[in-house]
Amino acid sequence: MKLIFEKSRAGRRAARLPQPANLAPAPELPAALRRADPPRLPELPENEIVRHFTELTTRNFGIDTGFYPLGSCTMKYNPRVNERVAALPGFRDLHPHQEDEASQGALELMHDLQEMLAEITALDAVSLQPAAGSQGELTGLMLMRAFFADRGEGDRRRKVVVADTAHGTNPASVTMAGYELVKVETDPRGNIDLDDLRTKVDEETAGLMLTNPSTLGLFDEHIEEIARMFHEVGSLLYYDGANLNAVCGISRPGDMGFDIVHINLHKTFSQPHGGGGPGGGPIAVRRQLEPYLPVPAVVRDGKRFRLDYDRPKSIGKVRAFTGPFGVFVRSYAFILAWGRELKTMSEHAVLNANYLLARLKGVYELPFDRLCMHEFVLSARGLKREHGITALDVAKRLMDYGFHPPTIYFPLIVPEALMIEPTETETKETLDAFADAMLAIAREAAEQPELLKEAPHGRSVQRLDEVKAARRAVVRYRFGDHPDPAAEPSAPAPAEAPKGV
Ligand SMILES: Cc1ncc(COP(=O)(O)O)c(C=O)c1O
């Protein structure tokens, strides 16, 4: 497919605007600030623009296109009604600088959402400000620092313990927050290894960062003992709430002993996401940490709501205004729609994952053989050993069957990992079709391994050089490297290969 610049021809236009007779004179700009040449914008008729972008959309895969079992990412279907609610003019057109008196509805929604999240996490105070889980992590660790600094323990408490199954953002956040990272290992049942942990928790520990259920999809069987161990030495427990979809209304991080939690609104509630955004990563904390939360806080005075900046111990702002408001509206609508049945959502997510696990575990290896929560991790190491087929080959072949591949090679402690998260929104027929495809691929691995090595066969691109793409990404069209086809209309353009070739 050509770039839109390559389709451009000089003088082609989508629309011509009438020039008003009394056009105001161009503003006087200093010559040094004026551009010497007009920008090289693509010139195309409207139908070609529509076709170009429509063609691009057909090369994408999303939850609206098909099953998307990307482990850890919780790619669930987002009900359309939430889009309608977020697009109500009172929400959509609200200016972030609107005064409190004229934004009572929006402030009330944010205040209610804070209370709902406090209830779901069993904690006392919430800030909606962080824009993603990872930003919530950094915010939570900044709260930890502010808390210990205030108690005169900032210099002593330098270490944060992170499980070896952790999502990559956890160690990154620890380092960004200026802490020393201490890694703790996983035991043969997929829990934190308590013996290893005991050697790593002391008076210098600021806290633990853990997701429960873990990225293995397993609920830690010793969570209460772990919480006790950290609290006994005065440390705090941080809950990476990215896996909250497994436990809503069933178990609560505050009850497990956690002091700080981030919630990925886009994963647990409702928000179309993927490829890094857009999301929301609110932070919930115990009362003792509330003074440090970002400003402004959304507070209630009787029947009125307002933004409160008067928080002298606050860590400050972590994002513009009050956070990603559209995400709040969708999540609020989603939680209200489930109401007291929110628990059913998590139960179905867990049931769907266990159903798929039961269908696949005889054929793919299961490193930690337990009932799973909302996701599970298989290993393709048996296929690799016997047929030279890797997790990557399985993932690429799944695309030929019309499915988005699961997460692969994560968590790092599982060789040839295939991390599958079906979510609660899929039907049994879809789960069966996916399981059938996985089983068929395992048979193909034995009978026609070359089919998998060259997969995908039916997509617009086959295997990409992912290392080169990551290390030498070309994200900019450099005009200097390309002749301007618009300036050379006589040169016949080469015929374009049809999609799929
Ligand atoms: C376990 C876990 N922690 C943290 C994150 C980071 O969240 P975000 O992508 O919103 O920054 C993710 C994202 O998938 C995750 O799965």
Side-chain angles (χ1 to χ4, degrees), residues 61 66-73 75 164-165 167-168 186-190 213-218 352-423 426 428-459 461-470:
F61 189 98
F67 186 47
Y68 205 138
L70 195 64
S72 213
C73 293
M75 304 303 284
D164 60 1
T165 49
H167 192 257
T186 298
D187 74 11
R189 277 189 61 76
S214 69
T215 61
L216 293 168
L218 300 175
N352 280 0
N354 277 289
Y355 179 71
L356 268 187
L357 175 59
R359 284 213 53 195
L360 298 177
K361 77 174 186 180
V363 174
Y364 291 86
E365 284 187 30
L366 179 63
F368 300 94
D369 193 358
R370 280 169 58 186
L371 277 182
C372 69
M373 299 294 288
H374 63 305
E375 65 191 359
F376 56 95
V377 182
L378 299 172
S379 170
R381 69 185 157 196
L383 297 185
K384 188 173 178 188
R385 202 172 43 239
E386 284 158 36
H387 315 296
I389 292 300
T390 62
L392 180 74
D393 299 328
V394 174
K396 296 286 184 194
R397 182 65 178 145
L398 267 170
M399 294 163 79
D400 289 334
Y401 284 89
F403 297 109
H404 193 285
T407 298
I408 51 175
Y409 299 109
F410 177 73
L412 303 176
I413 61 165
V414 175
E416 299 298 326
L418 292 154
M419 184 192 210
I420 298 170
E421 181 177 8
T423 83
E426 300 300 332
K428 179 171 179 296
E429 291 75 21
T430 301
L431 300 182
D432 278 330
F434 176 76
D436 292 344
M438 287 287 288
L439 298 176
I441 290 171
R443 282 194 301 275
E444 288 172 353
E447 292 160 11
Q448 299 168 271
E450 63 298 338
L451 199 60
L452 275 70
K453 283 282 166 211
E454 284 161 21
H457 299 271
R459 314 300 303 178
V461 287
Q462 272 189 307
R463 299 267 174 135
L464 302 174
D465 184 341
E466 289 171 12
V467 175
K468 192 169 168 193

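No experiment lies behind these values; they were computed from the predicted model shown.
Looking at His457, Gln462, His404, Arg459 one by one, the single match for side chain to side chain contact (heavy atoms under 4.5 Å, CB included) with Met399 turns out to be Arg459.
In this structure, Asn352 contributes its side chain and Pro422 its backbone to no donor-acceptor pair below 3.5 Å. Looking only at distances, no side-chain donor or acceptor of Thr215 sits under 3.5 Å from a matching main-chain atom of Pro411.
In this structure, the separation between CZ on Phe434 and CG on Leu356 is 6.5 Å, given to the nearest 0.5 Å. Taken from CD in Glu375 to CG in Leu218, the straight-line distance is 9.0 Å, to the nearest 0.5 Å. Atom CG in Leu439 sits 11.0 Å away from atom CD in Glu444 (nearest 0.5 Å). The OG atom of Ser72 sits 10.5 Å away from the CG atom of Leu216 when rounded to the nearest 0.5 Å. Residue Thr390 holds its OG1 atom at 7.5 Å from CD1 of Ile408, rounded to the nearest 0.5 Å. With values rounded to the nearest 0.5 angstrom, Ile441 atom CD1 is found 12.0 Å from Gln448 atom CD.
Between Gly402 and Phe61, the shortest heavy-atom contact is O-CE1, 3.6 Å. Taking all atoms of both residues into account, the shortest heavy-atom contact from Arg370 to Gly190 is NH1-C, 4.3 Å. Here the shortest heavy-atom pairing between Ile389 and Ala445 reads CG1-CB, 3.8 Å. Here the closest non-hydrogen pair linking Ala440 and Tyr401 is CB-OH, 3.5 Å. Considering all non-hydrogen atoms of both residues, Ala391 and Ala417 come closest at CB-O, 3.8 Å. Scanning both residues, Arg463 and Ala455, for their nearest heavy atoms gives NE-O, 2.6 Å.
Pro406 is not listed as a side-chain neighbour of Met419, based on a closest heavy-atom distance of 4.5 Å or more. Between Tyr409 and Val414 there is no side-chain heavy-atom pair separated by less than 4.5 Å. Within the 4.5 Å cutoff, no side-chain heavy atoms of Val377 are placed close to those of Leu418. Counting only heavy atoms from C-beta outward, the side chains of Leu383 and Tyr364 approach each other to under 4.5 Å. Between Val394 and Met438 the shortest side-chain heavy-atom distance falls below 4.5 Å. Two residues are said to be in side-chain contact when any heavy atoms from C-beta on lie closer than 4.5 Å; Thr423 and Tyr68 fail this criterion. Side-chain contact check for Glu421 versus Pro69: every heavy-atom pair is 4.5 Å or farther apart. His167 places a side-chain heavy atom less than 4.5 Å from the side chain of Phe410.
A salt bridge between Arg397 and Asp393 is absent, with no side-chain N of the basic residue lying under 4.0 Å from a carboxylate O of the acidic one. Salt bridge Glu365/Arg385: present, at least one basic N to carboxylate O contact under 4.0 Å.
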- Task: Report the C-alpha separation of Ile413 and Phe368 in whole Å, then their side-chain angles, then the decisive distance to 0.1 Å, and conclude whether the side chain to side chain contact (heavy atoms under 4.5 Å, CB included) test is met.
- Result: CA-CA 11 Å; Ile413 61 165; Phe368 300 94; 4.3 Å; yes
- Query: Under the side chain to side chain donor-acceptor pair (under 3.5 Å) criterion, do Tyr355 and Asp432 qualify, and how do the steps go?
  - Reply: CA-CA 9 Å; Tyr355 179 71; Asp432 278 330; 2.6 Å; yes
- Could you go step by step and tell me if Arg359 and Leu431 meet the side chain to side chain contact (heavy atoms under 4.5 Å, CB included) rule? CA-CA 10 Å; Arg359 284 213 53 195; Leu431 300 182; over 6 Å; no
- List the steps, then state whether side chain to side chain contact (heavy atoms under 4.5 Å, CB included) holds for Leu412 with Asp164. CA-CA 8 Å; Leu412 303 176; Asp164 60 1; over 6 Å; no
- Might you work through the side chain to side chain contact (heavy atoms under 4.5 Å, CB included) test for Asp465 and Val467, ending with a clear yes or no? CA-CA 6 Å; Asp465 184 341; Val467 175; 3.9 Å; yes
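Heavy atoms of other residues, nucleotides or ligands lying less than 6.0 angstrom from NZ of Lys384 number 12 at most.
Under the ring-ring contact (aromatic ring centres under 6.0 Å, His included) criterion, His387 pairs with no residue at all, not counting sequence neighbours.
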